[in-house]
Amino acid sequence: MQKNYYITTPIYYVNDVPHIGHAYTTLACDVLARYKRLTGYTVKFLTGTDEHGQKVEQSAQKAGVTPLEYATKYSAHFQRLAKTLNISNDDFIRTTETRHKQAAQALWHKLEANGFIYLGSYAGWYSVRDEAFYQESELVNGKAPSGAPVEWVEEPSYFFKLSAFEQPLLDYYAEHPETIAPKSRYNEVLSFIKGGLKDLSISRTSFAWGIPVPNNEKHIMYVWLDALANYLTAIGYPDEQSPDFKNFWENVTHVVGKDIVRFHAVYWPAFLMAAGLNLPKRIYAHGWWTNEGQKISKSVGNVIDPYALIDTYGLNAVRYFLLREVPFGQDGDFSHTAMIRRINTDLSNDLGNLCQRVFSQVFKNCNGLTRPETLTAEDTALLEKAYALPEVVGKELEVQAFHKALEEIWNVIGDANRYVDAQAPWALKKTDVERMKTVLYTLVETIRCAGLILQPFMPDAMAELLDFLHIPHDQRDWTFVVAGHALQTVPLDEPKPLFPRFVEEA
RNA sequence: GGCUCGGUAGCUCAGCGGUAGAGCAGGAGAAUCAUAAUCUCUUGGUCGGGGGUUCAAAUCCCUCCCGAGCCA
């Protein structure tokens, strides 16, 4: 039976250049996508840009370009980021594309046909910057709680009968609590729904940059309804019979930042229920990064540029750090010293040096290893831990526990380093060459397994490692993390350090 | 103001009813294959305060203090 997996990042709003938060979300999805592909799944990995809304319209006007020109320029930034991060997305959607306009309007039609949309009027304090309405009582000194300016807006508006989904959502989540993670977000969403759901204004007439409401072009679709629909667009909606749609909508995972949980865990599922579609399998909300202990903000000027990070530390290290340092779902702090510690301790000392000490000995003493006849209990113990990695690591990745997955892999790397010391192959060289070969074989085999398992996290570095070991490209998925696929007898080249230590410039 | 989640070694955190744990940092030693990397041992905590339940509590209950988030 075919196994399918659909993974999405949020679509990024084109009013800003990419920062570490965008990189983080996309990276997490990339690891999941690569992991699933390595375990036999057919994967659809989607990312993209959200290009409509009053904010874009106004920014474009200020810049003296059309909204589409403006959006195209910023969308390119995000496309470039994906390339720079070596992201394996299968599609990049822009909400200004025709396919999306058609899908979003079709979704609107469906909601309307099913009786969940009605025309009313809306009045309230609106913040363009926040894309949100506020009650009089919510205003602080005449401004939004966020500090954004607000304006009084009174206009006819279509409404979505969100109130009708209060009980259905509560029932659904009671039955499928694993849908929203981590647990703290699940609690938040439930308490929000229990607090009562009011019908949602889903159209605007005060600006033009958006998808027109079908049959009433004076109205523009609410940006969130427009944006969320992208997840359907990319798999062929409204053609619910298309292969992509049938395969992928049954198993979708949305990774989002914690600020947009409500849209994904309340509004979006309600839209889907109203459209007669099944709900996402998993909505994971991750946390925010701080910079050297300080909250990141544009006004403070401490925004972290992902390109600068990669320039300084290298892509492999950045990918590793972001997913290892902090439990996914919690806030984390980015600091130079923490980054250096991870590079030098985990990557250079533990893994890099393990490879170097093992490969050097193979290269000098017994290049072209073959599988030994007999293994001792110590050899078997190490190999069994290596062969258990797909299951152990997979279990953590299934629940998006990246840091634990990496911890498990480093447990085996630690065992391997201890094994080298205990077996002392450099001593065996003088006393028992056959035994030395067995020990080195066991180590190279362990490294091969770790390399295969680490591919989703550091695809570049692991490709280099596996190439070095002459592992054929068709023997790199996780089904090969078993005995019998170990070594090519092809001799190794002279080894070079895989992860050089990070040395501070004086 | 209501709800939720946290407060455990210098730092980040795990443990969630049965004699306090990991990683990193600090200290001592071993080894010398290796990116001065590795390995072993080790210093270090009245588990936020107080009260209660229990033969037994970081672990359950109450209360207070502190922090974070969501909602009003």
Side-chain angles (χ1 to χ4, degrees), chain A residues 132 134-140 145 177 180-198 257-263 265-266 285-288 290 292-293 295 317 321 324-335 337-366 396 401 403-404 406-411 413-431 433 435-437 439-440 443-444 447 461 492 494-503:
Chain A
Y134 295 101
Q135 309 277 325
E136 183 80 42
S137 60
E138 289 178 89
L139 299 186
V140 180
I180 306 169
K183 194 65 193 295
S184 52
R185 300 300 160 200
Y186 173 83
N187 292 343
E188 252 175 48
V189 167
L190 250 72
S191 97
F192 178 80
I193 299 172
K194 281 177 188 157
L197 296 179
K198 280 183 284 191
K258 65 181 183 179
D259 56 326
I260 52 174
V261 171
R262 189 201 301 174
F263 301 101
V266 180
H286 68 246
W288 292 143
T290 51
E292 304 287 348
K295 202 170 163 182
F321 177 86
R324 175 64 186 87
E325 185 69 2
V326 174
F328 203 53
Q330 292 186 23
D331 288 353
D333 183 47
F334 179 87
S335 76
T337 51
M339 182 82 207
I340 299 304
R341 203 183 304 130
R342 287 294 175 194
I343 292 175
N344 287 347
T345 303
D346 296 2
L347 296 180
S348 302
N349 294 355
D350 292 344
L351 176 56
N353 185 57
L354 172 69
C355 292
Q356 188 68 10
R357 68 199 301 210
V358 169
F359 297 160
S360 295
Q361 293 182 75
V362 170
F363 179 72
K364 287 188 212 161
N365 303 322
C366 52
E396 301 298 353
H403 73 296
K404 284 192 186 173
L406 287 165
E407 203 179 306
E408 293 288 357
I409 299 168
W410 256 259
N411 277 338
I413 290 168
D415 285 345
N417 270 315
R418 279 182 283 278
Y419 171 89
V420 181
D421 276 47
Q423 301 301 320
W426 54 89
L428 292 168
K429 184 180 162 189
K430 298 167 198 155
T431 57
V433 173
R435 177 59 195 154
M436 176 197 74
K437 286 185 184 173
V439 167
L440 292 175
L443 285 162
V444 176
I447 292 170
L492 303 180
E494 184 168 1
K496 291 189 194 72
L498 182 61
F499 297 107
R501 289 176 65 81
F502 188 96
V503 181

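Values below: every heavy atom of this structure, side chains too, minus hydrogens, waters and symmetry copies. The sequence lines fix the lettering, A, B, ..., with proteins before strands; numbering per chain opens at 1.
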* Could you tell me which non-hydrogen atom of A:Gly287 sits nearest to which non-hydrogen atom of A:Asp331, and how far apart they are? => CA-OD1, 3.3 Å
* To do: Kindly give the heavy-atom pair with the smallest separation between A:Phe192 and A:Val266, and that separation in Å.
  => CD2-CG2, 4.0 Å
Please give, in whole Å, the distance from [N] [atom2] to [X] [atom1]?
{"X": "A:Lys258", "N": "B:A68", "atom1": "NZ", "atom2": "P", "result": "11 Å"}
{"X": "A:Leu443", "N": "B:U38", "atom1": "CG", "atom2": "P", "result": "16 Å"}
{"X": "A:Lys496", "N": "B:A34", "atom1": "NZ", "atom2": "P", "result": "16 Å"}
{"X": "A:Ile340", "N": "B:A25", "atom1": "CD1", "atom2": "P", "result": "14 Å"}
{"X": "A:Arg418", "N": "B:C33", "atom1": "CZ", "atom2": "C1'", "result": "18 Å"}
{"X": "A:Leu354", "N": "B:A36", "atom1": "CG", "atom2": "C1'", "result": "17 Å"}
{"X": "A:Arg341", "N": "B:C11", "atom1": "CZ", "atom2": "P", "result": "12 Å"}
{"X": "A:Lys429", "N": "B:A34", "atom1": "NZ", "atom2": "C1'", "result": "13 Å"}

* Residue closer to the 5' end of RNA chain B, A:Arg324 versus A:Gly195 (nearest nucleotide) -> A:Arg324
* By nearest nucleotide on RNA chain B, pick out whichever of A:Leu351 and A:Glu325 is the more 5' one. => A:Glu325
Does [X] put a side-chain nitrogen or oxygen below 4.0 Å from OP1 or OP2 of [N]?
{"X": "A:Asn349", "N": "B:U35", "answer": "no"}
{"X": "A:Lys364", "N": "B:A34", "answer": "yes"}
{"X": "A:Gln330", "N": "B:C5", "answer": "no"}

If you measure from the [atom1] atom in [N] to the same atom in [M], how many Å do you get, rounded?
{"N": "B:G44", "M": "B:C65", "atom1": "P", "result": "35 Å"}
{"N": "B:G21", "M": "B:G45", "atom1": "C1'", "result": "11 Å"}
{"N": "B:A9", "M": "B:G50", "atom1": "C1'", "result": "24 Å"}
{"N": "B:U59", "M": "B:U54", "atom1": "C1'", "result": "13 Å"}
{"N": "B:U4", "M": "B:C11", "atom1": "P", "result": "29 Å"}
{"N": "B:C41", "M": "B:C24", "atom1": "P", "result": "13 Å"}
{"N": "B:C62", "M": "B:C71", "atom1": "C1'", "result": "26 Å"}
{"N": "B:U63", "M": "B:C5", "atom1": "P", "result": "15 Å"}

* Under 4.5 Å between any side-chain heavy atoms of A:Leu351 and A:Cys355, yes or no? -> yes
* **Test item: A:Trp288 and A:Asp259 side chains (from C-beta on) under 4.5 Å apart, heavy atoms** => yes
Would you mind classifying the nucleic acid contact of [X] as base, sugar-phosphate or nothing, using non-hydrogen atoms under 4.0 angstrom?
{"X": "A:Phe359", "value": "nothing"}
{"X": "A:Arg501", "value": "base"}
{"X": "A:Ser360", "value": "sugar-phosphate"}

Please tell me which of the listed nucleotides, [options], lies nearest to the side chain of [X]?
{"X": "A:Thr345", "options": "B:C24, B:A34, B:U32", "result": "B:C24"}
{"X": "A:Glu188", "options": "B:C70, B:C33, B:U35", "result": "B:C70"}
{"X": "A:Arg357", "options": "B:U40, B:C33, B:A37", "result": "B:C33"}
{"X": "A:Asp350", "options": "B:U38, B:C33, B:U35", "result": "B:U38"}
{"X": "A:Asn187", "options": "B:A34, B:C5, B:C33", "result": "B:C5"}
{"X": "A:Arg185", "options": "B:U38, B:G69, B:C5", "result": "B:G69"}

Base paired to [N] (Watson-Crick or G-U; both N/O distances under 3.5 angstrom):
{"N": "B:A22", "value": "B:U12"}
{"N": "B:U59", "value": "none"}
{"N": "B:C33", "value": "none"}
{"N": "B:G6", "value": "B:C66"}
{"N": "B:U40", "value": "B:A28"}
{"N": "B:A72", "value": "none"}

* Electrostatic pair A:Arg418-A:Asp421, nearest N-O below 4.0 angstrom -> no
* Decide, yes or no, whether a salt bridge links A:Lys404 with A:Glu407 under the criterion of side-chain N to carboxylate O below 4.0 Å. => no
* Asked: Does B:A58 adopt a syn or an anti glycosidic conformation, taking syn as a chi angle within 90° of 0?
  -> syn
* Structure fact -> From the list A:Lys258, A:Arg262, A:His286, side chain to side chain contact (heavy atoms under 4.5 Å, CB included) with A:Arg185 holds only for A:Lys258
* Mind checking ring-ring contact (aromatic ring centres under 6.0 Å, His included) for A:Phe334 and listing every partner two or more places apart, or none if nothing turns up? => A:Phe321
